[in-house]
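Indexing begins at 1, ligand by ligand and atom by atom, following the structure's order. This is a predicted model, so every value here is computed, not measured.
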Amino acid sequence: MTEKTVREVFEDAVRRLDAAGVPDAAWDAQELLTWAGGPDRTHFPLLKAAVLSEGAAARFEEDVCRRERRIPLQQITGTAWFMGLPFSVTEDVLCPRADTEVLAELALKRMGEKGLAEPRILDLCCGSGCIGISLARFLPEAEIVLSDISPKALALAKKNAERNAVTKQVSFALGDLLEAETEDGITIREQMSARPFDLICCNPPYIPSEEINGLMPEVRDHEPALALDGGEDGLDFYRRLAAEMKKTEDRAAPTFLLEIGCEQGSAVKEIFETAGAARVMIRKDLAGLDRVAEVDWS
Ligand code: GLN
């Protein structure tokens, strides 16, 4: 086998990823090159005539093949960044999205405004844990409960809490929405009636079932349908949450921050207004699209 230069190996990878339909082929090729032990973006121009070590070349080849199969870049490198923090990701969770940072930032803002000494926050449908864990990181006095119906997602969220050194601030509950139970068998519903949360954050599945097939292969084939499928019109989880709140007299938390699909703003507003919310405001993401419903119950 003739030895190839960094540049040759890189250009070949870009061509292959491009042909496989990867949106940012050059970006991803560079990320994979660095991950394999090759030069990073800064050193690439200096080292492009060098020969890639055998180990790095083998690793790079293997990972480029995986990316050609449209496995998300973050699943290959094992890390996604959210709010400047590293999160481990696998096929068991959604990759944290930059759009969701809008929700996390809004949560930090609201908690700052309330000035609570020890805020108690619930991250419902936590997946990788990116929302709850980043809030724990930026609100060192906060106590955060993370819950999910998927045992594998919850196990990963625990790992991410360790990775981000917030284990003392977080606890976990496994199960369906408010039926989720902590390790001591206490449900979220019971926790709420003992003491309401100050804030509930939730990024539920909200893609209409029929649209799942049309999603990009990274999402459709490599992220869990459980975390995406929001039923026929994508609104099942908002309806269920709103129905729960109707039942819960103290409303469980004064404020909910819910991620929504960009076309769901008015439907979600109506669902929560009908359930008795005092105010529902729709917030936009960085692309200017509706992304978060802020529900105030009083
Ligand atoms: N925003 C995600 C996507 O585009 C969906 C997230 C969700 O259903 N909660 O795939």
**Student:** Below a 4.0 angstrom heavy-atom separation, can you tell me which part of L94, side chain or backbone, both or neither, approaches ligand 1?
**Tutor:** side chain
**Student:** Quick one: look up the protein heavy atom nearest atom 10 (O) of ligand 1 and list residue, atom name and how far away it is.
**Tutor:** R97 NH2, 2.9 Å
**Student:** Numbering the atoms of ligand 1 from 1, which are under 4.0 Å from a heavy atom of L228?
**Tutor:** 5 (C), 8 (O), 10 (O)
**Student:** Is the Lys NZ or Arg CZ of K158 less than 6.0 Å from the centre of F172's six-membered ring, within 45° of the axis?
**Tutor:** yes
**Student:** Can you list the ligand 1 atoms lying under 4.0 Å from a non-hydrogen atom of P204?
**Tutor:** 7 (C), 8 (O), 9 (N)
**Student:** Taking W297 as the starting point, is it possible to reach L124 by hopping between hydrophobic residues whose side chains are less than 4.5 Å apart?
**Tutor:** yes
**Student:** Could you tell me, atom by atom, which parts of ligand 1 come under 4.0 Å of a heavy atom of P205?
**Tutor:** 8 (O)
**Student:** Taking the six-membered ring for Trp and the full ring for Phe, Tyr or His, determine whether the centres of F10 and F60 are under 6.0 Å apart.
**Tutor:** no
**Student:** When you group the ILVMFWY residues by side-chain heavy-atom contacts below 4.5 Å and let the links chain together, are L122 and M83 in the same group?
**Tutor:** no
**Student:** Below 4.0 angstrom from a heavy atom of A227, which ligand 1 atoms are there? Numbered from 1 as shown, please.
**Tutor:** 7 (C), 8 (O), 9 (N)
**Student:** Is the cationic atom of R41 (NZ for Lys, CZ for Arg) positioned less than 6.0 Å from the six-membered ring centroid of W27 and within 45 degrees of its normal?
**Tutor:** yes
**Student:** With no hydrogens and no angle check, is any side-chain donor or acceptor of D24 less than 3.5 Å from a backbone partner on D28?
**Tutor:** no
**Student:** Checking the N or O distance criterion of under 3.5 Å, is ligand 1 in contact with Y206?
**Tutor:** yes
